[in-house]
Engineer: 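Submitted below is the structure of interest, expressed as structure tokens.
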Amino acid sequence: MTAYKASIERLAEMIRESKYTVVLTGAGMSTESGIPDFRSEGGWWRRINPATVATVDALENNYELFKEFYKHRFKSLEPCKPNIGHLILAEWENSGLIKSVMTQNVDGLHKKAGSQKIHELHGSINDVLCHSCGDKHTKESFINEESCKKCGGKLRPGVVLFGESLPILAWENAYREIETSDLLIVIGTSLNVSPVNSLPLAAGGERVLINMESTSFDNKFDPIIHDKAGLVLDEVNGLLAI
Ligand code: NAD
């Protein structure tokens with residue numbers, strides 16, 4: 001048996017035996033839905049690394065660029081649908097195999113796939129609000145470049161920008177879920193972004209990583225499966241169904 005096959009079988013066995021499995025996902029979860037991650041060259045926008053535009057600094061000091069970037073992002077996310085990996089996680093939650101999903105993704109695809117207990121650690125691009133007073137607005141208002149009707153402030157998507165703190169409730173819930181877990185499955189993240197990259201260290205039990213490439217935290221996981229999330233989840237799902 002190949003090492004890959006052995007890891008797939010082991011993960012299926014771990015899921016079967018675990019009483020409290022939770023999942024933490026990152027941008028690699030959604031690349032198979034056609035949404036590029038931030039680290040790969042394919043994820044760059046007009047040769048600008050999005051991580052330099054998704055910032056408080058750009059929002060406050062370069063609003064034209066910020067708006068252009070997020071208008072482009074809204075448009076490019078429109079046709080994207082959950083992939084097989086999102087659907088399998090929703091099915092696993094439904095059948096009691098996993099308890100919740102913590103995600104760094106802002107694309108809303110876990111929700112679209114049918115997952116219910118989701119902790120969005122970096123917010124959601126589907127919520128638009130005023131940067132000054134927090135009043136809620138529609139996506140259309142942002143796209144039409146309107147200002148806040150209440151205070152005249154700048155509109156922005158409800159995502160956590162680089163330079164901002166994480167939503168406290170989502171963070172506390174995620175921390176508690178991971179601490180309680182006896183199995184944590186981390187999927188599609190470089191674990192480069194702080195503080196989310198510290199969450200796996202709080203895990204109460206075993207930790208598994210499914211990611212295309214190595215991360216600097218690989219020694220904290222066993223097994224590590226370096227392959228596509230959708231493919232791996234599909235294979236594990238096949239074994240769980242037997
Ligand atoms: P990242 O871009 O730093 O890392 C993604 C990782 O996923 C990489 O290590 C890559 O090798 C791996 N990967 C890519 N495709 C994969 C696949 N099909 N299967 C398995 N692994 C795959 O992403 P991050 O760690 O989530 O951090 C980036 C930040 O940017 C986050 O804060 C996130 O909010 C944001 N972001 C979100 C989205 C989204 O909502 N879909 C997309 C891009 C970036």
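All heavy atoms count here, side chains included; hydrogens, waters and symmetry mates do not.
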Engineer: Is a donor on one side and an acceptor on the other found under 3.5 Å between the side chain of Arg207 and the backbone of Val186?
Structural biologist: no
Engineer: Does any non-hydrogen side-chain atom of Val193 lie less than 4.5 Å from one of Gln104?
Structural biologist: yes
Engineer: Do you know the tightest heavy-atom contact between Gly158 and Leu129?
Structural biologist: CA-CD2, 3.6 Å
Engineer: If you define the side chain from C-beta out and look only at heavy atoms, does anything of Ser30 sit under 4.5 Å from Cys80?
Structural biologist: no
Engineer: Do Leu24 and Val196 come close enough that some side-chain heavy atom pair is under 4.5 Å?
Structural biologist: yes
Engineer: Taking the side chain from His226 and the backbone from Asn211, do they hold a donor-acceptor pair closer than 3.5 Å?
Structural biologist: yes
Engineer: Taking Thr2 for its side chain and Lys5 for its backbone only, find out whether a donor-acceptor pair lies under 3.5 Å.
Structural biologist: yes
Engineer: When you group the ILVMFWY residues by side-chain heavy-atom contacts below 4.5 Å and let the links chain together, are Met212 and Met29 in the same group?
Structural biologist: no
Engineer: Should Val56 and Leu121 be counted in the same cluster of Ile, Leu, Val, Met, Phe, Trp and Tyr side chains packed under 4.5 Å apart?
Structural biologist: no
Engineer: Any ion pair linking Lys139 and Asp127 (charged N to carboxylate O, less than 4.0 Å)?
Structural biologist: no
Engineer: Taking His72 for its side chain and Phe69 for its backbone only, find out whether a donor-acceptor pair lies under 3.5 Å.
Structural biologist: no
Engineer: Could you walk me through whether Cys148 and Leu155 pass the side chain to side chain contact (heavy atoms under 4.5 Å, CB included) check?
Structural biologist: CA-CA 6 Å; Cys148 177; Leu155 301 191; 4.0 Å; yes
Engineer: Can you confirm whether more than 12 heavy atoms, excluding those of Lys111, are under 6.0 Å from its NZ atom?
Structural biologist: no
Engineer: I want to check something: taking the side chain as every heavy atom from C-beta on, are Ile187 and Leu89 in contact at a cut-off of under 4.5 Å?
Structural biologist: yes
Engineer: Looking only at atom types and distance, does a side-chain atom of Asn173 sit under 3.5 Å from a main-chain N or O of Ala170, one as donor and one as acceptor?
Structural biologist: no
Engineer: Assess whether atom NZ of Lys67 is packed by more than 12 heavy atoms of other residues, nucleotides or ligands within 6.0 Å.
Structural biologist: yes
Engineer: Would you say that Thr103 contacts His119 through its side chain, given a criterion of any heavy-atom pair below 4.5 Å between the two side chains?
Structural biologist: no
Engineer: Would Asp37 and Thr31 count as a side-chain hydrogen bond (donor to acceptor under 3.5 Å, both in side chains) if you check the C-alpha gap in whole Å, the side-chain angles of each, and the deciding distance to 0.1 Å?
Structural biologist: CA-CA 6 Å; Asp37 58 29; Thr31 54; 5.6 Å; no
Engineer: Is the closest side-chain heavy-atom distance between Glu206 and Asp182 below 4.5 Å?
Structural biologist: no
Engineer: Show the nearest heavy-atom pair for residues Cys151 and Cys133, with the distance to one decimal.
Structural biologist: SG-SG, 3.7 Å
Engineer: Among Asp227, Leu233, Thr25, Thr189, which residue meets the side chain to side chain contact (heavy atoms under 4.5 Å, CB included) test with Ile210?
Structural biologist: Leu233
Engineer: What heavy-atom pair brings Gly114 and Ala90 nearest, and what distance separates the two atoms?
Structural biologist: C-CB, 3.7 Å
Engineer: Starting from Leu240, can I reach Val208 by hopping between I/L/V/M/F/W/Y residues whose side chains sit under 4.5 Å apart?
Structural biologist: yes
Engineer: Might you confirm whether atom OH of Tyr175 has over 12 heavy atoms from other residues, nucleotides or ligands at distances under 6.0 Å?
Structural biologist: no
Engineer: Please check this pair: side chain of Ser18 against backbone of Tyr20, looking for a donor-acceptor N/O pair closer than 3.5 Å.
Structural biologist: yes
Engineer: State, with a plain yes or no, whether a side-chain heavy atom of Lys99 is found less than 4.5 Å away from one of Thr21.
Structural biologist: no
Engineer: Would you mind checking if Glu13 and Arg16 are paired as a salt bridge, meaning a charged N to carboxylate O distance below 4.0 Å?
Structural biologist: yes
Engineer: Check the side chains of Ser141 and Asn144 for a donor-acceptor pair under 3.5 angstrom, ignoring hydrogens and angles.
Structural biologist: no
Engineer: I need the single residue from Asn105, Val106, Asn126 that forms a side chain to side chain contact (heavy atoms under 4.5 Å, CB included) with Val159. Which is it?
Structural biologist: Val106
Engineer: Drop me the distance from Tyr4's OH to Ile225's CD1, to the nearest 0.5 angstrom.
Structural biologist: 7.0 Å
Engineer: Is it the case that one hydrophobic cluster holds both Val160 and Leu199, taking links as side-chain heavy atoms less than 4.5 Å apart, direct or via other members?
Structural biologist: yes
Engineer: Just by distance, do the side chain of Glu32 and the backbone of Ile84 share a donor-acceptor pair under 3.5 Å?
Structural biologist: no
Engineer: Say you draw a straight line from CD1 of Ile224 to CG of Asp218; how long is it, rounded to the nearest 0.5 Å?
Structural biologist: 4.0 Å
Engineer: In this structure, is the centre-to-centre distance between the rings of Phe66 and Tyr70 below 6.0 Å?
Structural biologist: yes
Engineer: May I ask you to test the Leu59-Leu161 pair for a side-chain heavy-atom distance under 4.5 Å?
Structural biologist: yes
Engineer: So, Lys154 and Glu60, do they make that salt bridge, N to O below 4.0 Å?
Structural biologist: no
Engineer: Report whether Leu191 and Val22 are members of the same hydrophobic cluster (ILVMFWY, side-chain heavy atoms less than 4.5 Å apart, transitive linking).
Structural biologist: yes
Engineer: I need the single residue from Arg176, Lys117, Glu93 that forms a side chain to side chain contact (heavy atoms under 4.5 Å, CB included) with Ser100. Which is it?
Structural biologist: Lys117
